[in-house]
Structures are given as C-alpha cells and as structure tokens.
> 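Shown below is the structure under consideration.
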Number of protein chains: 2
Amino acid sequence: MSAANIKQSALAHFAKNGYEGASLKHIADDCGIKKPSIYAHFSSKQDLFLQVLQDVFQRQEELMVAYFLNHTDWPLEQQLHGFLENRLQAYQLDDEVQFFMRMAFFPPSTLYDEVMAMVYPLLDQQEQNLSRLLASGCPEHGRIIRHPRDAAIAFMTLVDGIHLETVFGGEERALRRLAAAWPVYWLGVTKQKYNHKS
Amino acid sequence: MSAANIKQSALAHFAKNGYEGASLKHIADDCGIKKPSIYAHFSSKQDLFLQVLQDVFQRQEELMVAYFLNHTDWPLEQQLHGFLENRLQAYQLDDEVQFFMRMAFFPPSTLYDEVMAMVYPLLDQQEQNLSRLLASGCPEHGRIIRHPRDAAIAFMTLVDGIHLETVFGGEERALRRLAAAWPVYWLGVTKQKYNHKS
DNA sequence: ACTCTCCTAACTAACGATCGTTAGTTAAAT
DNA sequence: ATTTAACTAACGATCGTTAGTTAGGAGAGT
C-alpha cells in the first residue's frame, strides 16, 4: 500500500464527509489496511489532509492553466465556453472538484488559515488570468469586451454557479445550467452597454 | 433556557462546523447549560439538527416568496436585481444563508435523504416561480425575455455564484460580484438572440 | 392562604463507542 | 543488517446518549 493510495482514498472521504466527518478507520478500511498503519506514511490526520489539499489544489491549478495554454489559437468565445465544458467533464473523473469546492467554501475551522493560504492565491491568479484574456478582446467577431475585469468576475460567478450544480445535481444538471447560462453570459459580455439605474 | 435559544446556538455551530463538526457540548456551553440538558428539549442530535433545518428552510422560503409578493409593482429589472441585494443583506443578519448553502450542497451523509427532501422542493419551486415571473416579460422596456426558463436557470446560477461568495468572502466581495455580474446577466437576458456554434 | 402533587428543566455521573494517536512487535524487502 | 510498512494492543479524550436526582413553578383540594 503506497502513500498515493491512501491519499486517494482519503480524498474521497474528505470530499464526501468533510474533514471532521472522515475517520481514519474508514479510510484505512478502504485501503485494506488497519488504522495505525496510516501513521507509517503520515504523521497525523492533519498531515494527511494537508498533503491531499496541496495535491488537489496544485493539480486543479495546473489543469486550469494548461487548458488556456493549449487553446490560445481558439476564438475567445470557444476558449471560455470550452473551459466550462472542460471543468464539467473533469469533475466526473474523480472527487477533486467536490473536495475543492468544499474546502474553499467550508474549510475545517481548525485549519482555516492553512486552507485559505492555498485558496486565495489560486482564486486571485484565476481572476488575473481571466482579466488579461478578456482584455485582449475578441477582434475576429468585431466585438469588444468593454469591462474585462467585470467580465472576469462575472465569469467566475458563472464558474462557481456551475461548479455548485455539479456538486449538487451531477453532470446532467450542470450541463443544463451551462446550456442556459452561457448564452446569457456571452451576449451580456459582448454587447455590454449598461447604465445601472441608481 | 428555551428550545429556541438552543436552536439558535445550534444553527451557528452547524453553519460554521457542519453537522459532524458541531458538538453538543459546545452548543450547550454557548447556551450556558450542560450537555445533557439539551435532551430535555430534543430527543437527539439528529432531532435538533432536523428541527433547525426545517426552521431555516421554511424561513428562507418565506423570505423569498415574500420578497416577490411585496414588489409586484416594480419593473422586472428592479425586482430581480433587488432580490440579489436583498439576499445579500439578509445574509449578514445571521448564519442562515451559510447553513442553507452548506446543507444544500454538502449535507451530512447520514442524513442525505432527509436534507434533500427539503432542498429539492424549495429549488424546484424557486425555478418555477422565476420562470413564471420572467415569462411575463418586461413590456415597460420594450424588451422581451425570449427563453424564460433558460433565463430562470441562468438567474439561479447567478444567485448561487453570489451566495457562494458571501460564504467565502463576505458581503463586500459579494457586492463586487453583484456589481460585475448583474449587468452582464441583464443585458444577456434582454437581448437574447444567440446561435450556439456546435 | 396553605399544602400536596405534578411537571418541567436543569443537574451530576456514567455508559459504550469512536476518535486520533502512540508504543511495541513482526515480517518482508533492500 | 537495516529499513520499511504492516500489525496488535492500548491510551486518553471526546462523542452522543441514558439514568437518576433535584430545585422550582403551576394548579388543584382542603
């Protein structure tokens, strides 16, 4: 039994039951080993959790960066829409997105600082990257994103709303949201000329 | 000490630490009573939790219904935008929204069915009400919502994205999202004429 | 008005189970 | 021969929960 197997099993339990709800006994049972054997690989439950956390956040960041790097030749519209689709199909592969969402928004209170130290940079970077991407506009359609920073924030709101639905209702419900919300977003962001009343 | 006080304290603990992370001892300490005294009012931790759950869901539903009933004379645009603002300021009053989000998306696995039996009807009703509202269009602007059902789903995606941000970053960050995402949504939904390319 | 009774809501003490964790041991692999 | 990774046994703490007790207030009967 390798440390990677234990982390994989722990990931599933942390994702489904949270930090406090996941017990080392159940994780060990999943691996076919006894509870104390975990301590041959990890110094504590905290240690196991924080290693899982780091792995997941690093991988999620890599996935998001890699997506945009691999599609710089696509039109902006396809890049953004494909990103949402990409996140959806990445979701059903494993429990990483559920874990990610749970820990970003409902971290174990005893480890709040440690978790947030990983969440904040990732979200900041995501917003920054999106702002730059959207600031480049979309000349091949003759459209211009007027407020790239706002468009980036709105996009992240959309990402979160769809992510939440994957956690809640699974892929098919999330696809329904994507199909309904994407055209609204794209139209709103490309034809943006809005005067908010008071 | 009344049952209402215990439920209020329990709500705070469940919202902050989840079902498994909240202990009856801490809840009792908050109330200034001893742990077993809780059992004079509730038959079990489950019972306490489910009563809190029912109270919160019922109140949240009432708040949402009441908002739209009290603003039928407003233009559609104001109704929807005001709803988002209303949800935001309701959030900081107490822990109800955090509790609501946590339990809707990360329910305690041992009580999954009981929680979902309350979540599903509320969300279905919300979508239905929004669909009807949006289907009525917005004649005073000369605008027509072309796909009211999709617009309702997109609005709920927006609601969730903003709700999530209140849980994550508090009111000011959520207001930032609202300011950025609302114009995008409204423009996208009023000028909807979109052909999705495969 | 006074006592007796009943009920409520708190208490203390303790239960068994499970929690994360440590110590000490063993068998296999390097 | 040394290290690795598993094991058993057991630790103290905390979990939710139950039993048994006690003080105080409400209502009824004399």
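Computed from a predicted structure; not experimentally measured. To find a chain, count down the sequence lines: A is the first, B the second, and so on, and within it residues start at 1.
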> For D/dC7, take OP1 and OP2 only and decide whether either is under 4.0 Å from a side-chain N or O of A/Ser37.
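For D/dC7, OP1/OP2 do have a side-chain N/O of A/Ser37 under 4.0 Å.
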
> Report yes or no: is there a donor-acceptor pair, N or O only, under 3.5 Å between the side chain of B/Lys35 and the base of D/dG16?
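Yes.
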
> What is the separation between atom NZ on B/Lys34 and atom C1' on C/dA13, rounded to the nearest whole Å?
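Answer to the nearest Å: 13 Å.
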
> Quick one: A/Glu20 CD to C/dT18 C1', roughly how many Å, whole number?
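Answer to the nearest Å: 16 Å.
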
> Does a sphere of radius 6.0 Å around CD in B/Gln8 hold more than 12 heavy atoms from other residues, nucleotides or ligands, not counting ones at 6.0 Å or beyond?
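Open: at most 12 neighbouring heavy atoms sit under 6.0 Å from CD of B/Gln8.
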
> Expressed as a whole number of angstroms, how long is the span from A/Phe42:CZ to C/dG20:P?
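Whole-Å distance recorded here is 15 Å.
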
> Tell me what B/Ala28 touches on the nucleic acid: a base, only sugar-phosphate, or nothing, going by heavy atoms under 4.0 Å.
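Counting heavy atoms under 4.0 Å across all strands, no contact is made by B/Ala28.
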
> Mind checking whether A/Tyr19 and A/Phe14 have parallel, tilted or perpendicular rings, split at 30° and 60°?
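If you compare the ring of A/Tyr19 with that of A/Phe14, the planes turn out parallel.
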
> In residues 44-52 of chain B, which residues come under 4.0 Å of DNA chain C by heavy atom?
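By residue number: none to list.
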
> Rounding to a whole Å, what distance do you find between B/His26:NE2 and D/dC15:C1'?
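Value for this atom pair: 11 Å.
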
> What residues form a salt bridge (Lys or Arg N to Asp or Glu O under 4.0 Å) with A/Glu127, not counting sequence neighbours?
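For A/Glu127, the residues satisfying salt bridge (Lys or Arg N to Asp or Glu O under 4.0 Å) (neighbours in sequence not counted) are A/Arg149, B/Arg176.
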
> Does C/dC19 have OP1 or OP2 sitting under 4.0 Å from an N or O in the side chain of A/Ser23?
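Yes.
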
> Check the interface with nucleotides 23-30 of chain C: list each N/O to N/O pair with the protein under 3.5 Å, or write none.
none

> Output every pair passing ring pair (Phe, Tyr, Trp, His ring centres under 6.0 Å) with a member in residues 110-135 of chain B, not counting sequence neighbours, ordered by first then second residue.
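As it turns out, the ring pair (Phe, Tyr, Trp, His ring centres under 6.0 Å) pairs with a partner in residues 110-135 of chain B, which skip direct neighbours, are A/Phe168-B/Tyr120.
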
> Please list all pairs passing the salt bridge (charged side-chain N to carboxylate O under 4.0 Å, His left out) test where one or both residues lie in residues 12-26 of chain B, with sequence neighbours left out.
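Those involving residues 12-26 of chain B are B/Lys25-B/Asp29.
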
> Atom CD1 of B/Ile27 to atom C1' of D/dT14: distance rounded to whole Å?
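Going from CD1 in B/Ile27 over to C1' in D/dT14 covers 15 Å.
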
> Please, which pairs that meet side chain to side chain donor-acceptor pair (under 3.5 Å) have at least one residue in residues 96-106 of chain A, sequence neighbours excluded?
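Residue pairs passing side chain to side chain donor-acceptor pair (under 3.5 Å), neighbours aside: A/Arg59-A/Glu96, A/Gln60-A/Glu96.
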
> B/Ile33 CD1 to D/dT17 P: how many Å, rounded?
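The answer, rounded to whole Å, is 15 Å.
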
> Using atom CG of A/Asn17 as one end and atom P of C/dG20 as the other, report the distance to the nearest whole Å.
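One finds 12 Å between P of C/dG20 and CG of A/Asn17, rounded.
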
> Counting side-chain heavy atoms from C-beta on, which of C/dA9, D/dA5, C/dT21 comes nearest to A/Leu24?
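Side chain of A/Leu24 sits closest to C/dT21.
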
> Which pairs pass salt bridge (charged side-chain N to carboxylate O under 4.0 Å, His left out) with one or both residues in residues 156-167 of chain A, sequence neighbours excluded?
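Applying salt bridge (charged side-chain N to carboxylate O under 4.0 Å, His left out) to every pair that reaches into residues 156-167 of chain A, excluding sequence neighbours, yields A/Asp160-B/Arg177, A/Glu165-A/Arg173, A/Glu165-A/Arg177.
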
> Extract all donor-acceptor atom pairs below 3.5 Å that involve side chains of residues 46-58 of chain A and protein atoms in other chains or at least two apart in sequence.
| residue | atom | partner | partner atom | Å |
| --- | --- | --- | --- | --- |
| A/Asp47 | OD1 | A/Gln51 | NE2 | 3.2 |
| A/Asp47 | OD2 | A/Ser43 | N | 3.0 |
| A/Asp47 | OD2 | A/Ser43 | OG | 3.4 |
| A/Asp55 | OD2 | A/Lys7 | NZ | 2.8 |
| A/Gln58 | NE2 | A/Glu62 | OE2 | 3.4 |

> Rounded to the nearest angstrom, tell me the gap between atom NZ in B/Lys25 and atom P in C/dT18.
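The answer, rounded to whole Å, is 22 Å.
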
> For A/His71, check ring-ring contact (aromatic ring centres under 6.0 Å, His included) against everything at least two apart and list the hits.
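Counting only residues at least two positions away or on another chain, A/His71 forms a ring-ring contact (aromatic ring centres under 6.0 Å, His included) with A/Tyr67, A/Trp74.
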
